[in-house]
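Please read the structure below before turning to the comments.
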2 protein chains.
Amino acid sequence: MATVSRALNRTGYVKSGTLEKIEQAMDELGYIPNRQARAMVGGITRTIGVLVPDMDNSLFMRIVQAINDAAYRHDYTLLVMDSRGEAQREAKIVRAMQELRVDGLILFGTPGTAQVIESMKPQGPVIILDRLVTHFAGPQISVNHYDGAKTAVRLLLKHCRYPPAFIAGPAHIWSAQQRLNGYCDALRDQDLPAVLERIEYADFTYQAGYSAMNKLFSRVPDLDGVFAVNDLAALGAMKAIYERGLGCPDDVHLVGFDDIHAARYVTPSLTTIRQPMESIGRTAVDILRKQIRGETVETTPIVLPGELIFRESC
Amino acid sequence: MATVSRALNRTGYVKSGTLEKIEQAMDELGYIPNRQARAMVGGITRTIGVLVPDMDNSLFMRIVQAINDAAYRHDYTLLVMDSRGEAQREAKIVRAMQELRVDGLILFGTPGTAQVIESMKPQGPVIILDRLVTHFAGPQISVNHYDGAKTAVRLLLKHCRYPPAFIAGPAHIWSAQQRLNGYCDALRDQDLPAVLERIEYADFTYQAGYSAMNKLFSRVPDLDGVFAVNDLAALGAMKAIYERGLGCPDDVHLVGFDDIHAARYVTPSLTTIRQPMESIGRTAVDILRKQIRGETVETTPIVLPGELIFRESC
DNA sequence: TTGAAAGCGCTAACAC
DNA sequence: GTGTTAGCGCTTTCAA
């Protein structure tokens with residue numbers, strides 16, 4: 001038994017003849033080693049848990065894809081689950097992953113995440129992505145929402161005669177808040193006030209972007225530029241613009257945030273701030289691996305720059 | 001030890017006082033049962049492996065979401081990995097999942113899937129989704145590609161003066177082949193021949209749809225209707241249509257397949273055949289659970305009807 | 001109603 | 001180079 005184990009793990013000496021015999025036997029018997037048994041004695045499972053609030057969100061999944069690729073490179077298997085944004089479900093899934101003894105956990109921040117982490121014992125390393133959580137001591141990674149928003153608004157200011165409007169996100173979500181700050185400060189830098197009239201709140205959906213845009217139209221007469229908190233909302237806004245018989249960018253300049261696929265597919269294609277999804281995912285796995293190895297890591301949030309993607313809408 | 005085990009699993013008798021003491025101790029110690037150890041003796045892991053060729057494909061992920069929800073309801077945890085469409089990677093991931101002793105496996109069919117399954121020993125149940133595989137003896141689930149295509153083409157025939165063109169998928173992919181057959185037969189039903197001139201091959205991408213449409217334009221003078229093998233290709237086609245200064249549906253009627261989110265977001269919104277993603281996912285888990293319980297299941301492919309979604313493009 | 005003991009498949013330490 | 005043994009955390013007899 002021990003010799004087989006040594007052969008399998010290529011640890012210690014095994015005579016080449018014996019090795020062959022072992023390999024042949026494994027083949028004949030269709031033997032597949034049991035990783036759980038391995039994990040029982042070794043302590044590590046080579047699995048990483050990933051918890052997403054919405055598996056049908058291209059932004060999230062492209063980050064997960066990057067995680068997937070990095071994990072694959074390092075021979076890790078991913079447990080991915082969708083909490084559907086429900087805090088209770090999030091808690092149950094985290095628990096299940098702990099019972100499965102994942103080596104590390106990657107969570108996308110939701111309003112409930114802080115509490116979920118609070119209430120669970122710190123079994124192994126945890127990393128939070130995208131929407132950061134204030135009362136969390138571990139590593140966190142996100143795009144620089146603030147700078148990205150500023151860049152977007154500066155671009156609009158270059159093209160527009162009037163101060164751009166903002167379709168904002170829910171006030172209690174950290175990333176939305178950051179983008180709002182960026183919007184306000186970019187205006188302030190030009191000695192323009194951020195007036196309430198030009199800000200309309202929406203959640204991150206297409207529908208909400210559509211109605212927000214309509215509300216802005218009915219309220220603001222001199223409207224020739226809009227920054228939307230994310231691409232989905234921007235797409236909704238675009239719909240509203242075209243329904244009024246107006247055009248993009250001729251009548252209204254439009255900039256989104258995220259760079260989801262649809263941004264490239266629509267006509268006119270959407271100018272946006274691209275999140276560095278690939279490096280968010282890769283960095284997450286890198287840090288996790290360091291933590292798994294027992295090294296200590298920086299716990300101040302890592303903030304990666306977004307990239308302005310020029311397309312047709314602005 | 002045995003008593004604790006009984007308490008945890010609520011199997012056998014435990015005095016209520018003892019139960020309380022156990023629960024209190026678990027709390028104090030932050031005890032989290034080890035599912036792997038459990039699985040070692042029990043044989044089942046309550047995990048399901050899911051292998052996707054592209055995690056950033058809304059069609060796939062909405063099916064996975066349905067799988068996720070069904071799995072959650074029945075207390076299963078999902079191992080989801082993205083093979084990036086590479087056969088070799090697919091094989092390695094399946095292997096890893098077998099080593100982890102998943103109770104069942106759900107695969108999205110790719111050109112390489114048949115061989116991967118062939119070469120791996122049948123450890124536990126396997127289900128194949130979406131693109132069926134001919135030499136596979138287990139259960140398979142997909143939309144009725146053929147009927148869906150027929151429905152789409154019939155709709156186009158109603159609105160168009162000329163026989164609609166078809167932006168086809170790769171010939172070696174089963175689902176694409178089915179949709180092509182549907183296209184041809186729908187024409188034939190109206191005593192119209194399916195002429196090669198009106199068929200342009202593309203893969204399932206936006207880019208390919210775009211160039212395919214341009215080729216059709218340059219080849220077919222009387223073009224007022226197009227059926228695209230999937231929504232992404234349809235969106236690319238739409239771009240080409242608008243670039244020519246034409247409109248949808250005024251000049252060219254357009255129908256897609258799948259009903260990805262973007263279909264609703266674009267202007268004009270895309271008429272399409274919706275895949276029953278929710279029921280594909282739910283059914284997959286239902287069948288898997290049956291198989292895990294040891295029941296025998298139907299192995300003739302389950303073919304679910306698609307749904308025509310009327311929007312603006314046709 | 002509880003405890004003792006065996007064993008799930010593996011690795012690591014040690015002896016041979 | 002290879003075999004023996006103990007033990008990872010649990011469930012399941014079987015006895016008490």
Side-chain angles (χ1 to χ4, degrees), chain A residues 1-47 49 75-77 79 95-104 120-124 292-294, chain B residues 1-47 49 75-77 79 95-104 120-124 292-294:
Chain A
M1 253 177 76
T3 304
V4 173
S5 176
R6 264 172 246 132
L8 237 59
N9 300 298
R10 321 216 154 282
T11 156
Y13 301 100
V14 178
K15 208 188 353 181
S16 68
T18 318
L19 187 68
E20 268 171 40
K21 275 200 264 179
I22 289 174
E23 278 171 351
Q24 198 196 325
M26 291 200 322
D27 243 44
E28 274 170 23
L29 301 167
Y31 169 78
I32 296 177
N34 185 332
R35 273 217 220 177
Q36 317 210 63
R38 240 175 227 210
M40 284 227 55
V41 29
I44 54 151
T45 53
R46 294 208 82 80
T47 56
D75 206 29
Y76 275 92
T77 303
L79 312 197
R95 166 75 181 205
M97 289 178 168
Q98 292 192 138
E99 292 187 2
L100 254 359
R101 297 292 190 265
V102 293
D103 293 336
M120 90 191 190
K121 314 292 170 279
Q123 289 275 348
I292 292 172
R293 273 188 249 117
Chain B
M1 253 177 77
T3 305
V4 173
S5 176
R6 265 173 246 130
L8 238 58
N9 300 298
R10 321 216 155 281
T11 156
Y13 301 100
V14 178
K15 204 183 2 177
S16 69
T18 318
L19 187 70
E20 269 171 40
K21 274 200 264 178
I22 289 173
E23 278 172 351
Q24 197 197 325
M26 291 201 321
D27 242 46
E28 274 170 24
L29 299 167
Y31 170 77
I32 296 177
N34 185 333
R35 273 217 218 176
Q36 317 210 62
R38 239 175 227 210
M40 284 226 53
V41 28
I44 55 153
T45 53
R46 294 208 84 79
T47 55
D75 205 28
Y76 276 92
T77 302
L79 313 198
R95 166 77 182 205
M97 288 178 168
Q98 292 193 136
E99 293 188 0
L100 254 359
R101 297 293 190 265
V102 293
D103 294 335
M120 90 191 190
K121 316 292 170 277
Q123 290 274 348
I292 291 172
R293 273 190 247 118

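On a predicted model such as this, the values are computed, not experimentally measured, just so you know. Below, read A as the first sequence line, B as the second, and so on, with proteins coming before strands; counting in each chain starts at 1.
- In this structure, CZ of A/R10 is placed 15 Å from P of D/dG1, rounded to the nearest angstrom.
- When side chains are defined from C-beta on, B/N34 does not count as touching A/Q36, because their heavy atoms never get closer than 4.5 Å.
- Remark: A/Y31 is in phosphate contact with C/dC10, judged by side-chain N or O atoms under 4.0 Å from OP1 or OP2.
- Neither OP1 nor OP2 of D/dG1 sits under 4.0 Å from any side-chain N or O of A/T18.
- Listed nucleotides: C/dG3, C/dA12, D/dC10. Nearest to the side chain of A/A2: C/dA12.
- In this structure, A/R35 places its CZ atom 18 Å from C1' of D/dC8, rounding to the nearest Å.
- In this structure, B/L8 and B/Y31 have side chains that are in contact, with non-hydrogen atoms separated by less than 4.5 Å.
- With D/dT2, C/dG3, C/dC8 as the candidates, the nucleotide lying closest to the side chain of B/T3 is C/dG3.
- As judged by a 4.0 angstrom heavy-atom cut-off over every strand, A/R6 is placed among the base-contacting residues.
- In this structure, the OH atom of A/Y13 is 17 Å from the P atom of D/dG3, given to the nearest Å.
- Distance CG (B/N9) to P (D/dT12): 7 Å, rounded to an integer number of Å.
- Here C/dA6 presents its C1' atom at 14 Å from CE of B/M40, a figure rounded to the nearest Å.
- Under the 4.5 Å side-chain criterion, counting only non-hydrogen atoms from C-beta, B/T3 is not in contact with B/K21.
- Side-chain N/O atoms of B/N34 include none lying less than 4.0 angstrom from OP1 or OP2 on D/dC8.
- Checking B/Q24 against B/E20 by side-chain atom types alone, no donor-acceptor pair falls below 3.5 Å.
- Within 4.0 Å (heavy atoms only), B/V14 reaches sugar-phosphate atoms of the nucleic acid but no base atom.
- A/R101 has its side chain within reach of B/I32: a pair of non-hydrogen atoms, C-beta onward, lies under 4.5 Å apart.
- One finds no side-chain N or O of A/S5 lying less than 4.0 angstrom from the OP1 or OP2 phosphate oxygen of C/dC10.
- At whole-Å resolution of the value, CE in A/M1 and P in C/dC14 are 18 Å apart.
- For A/A37, counting side-chain heavy atoms from C-beta on, the closest listed nucleotide (D/dC8, C/dC10, D/dC10) is C/dC10.
- When rounded to the nearest whole Å, the span between CZ of A/R38 and C1' of C/dT11 equals 9 Å.
- When the C1' atom of D/dG3 is taken as reference, atom CD1 of A/I22 falls 12 Å away, rounded to whole Å.
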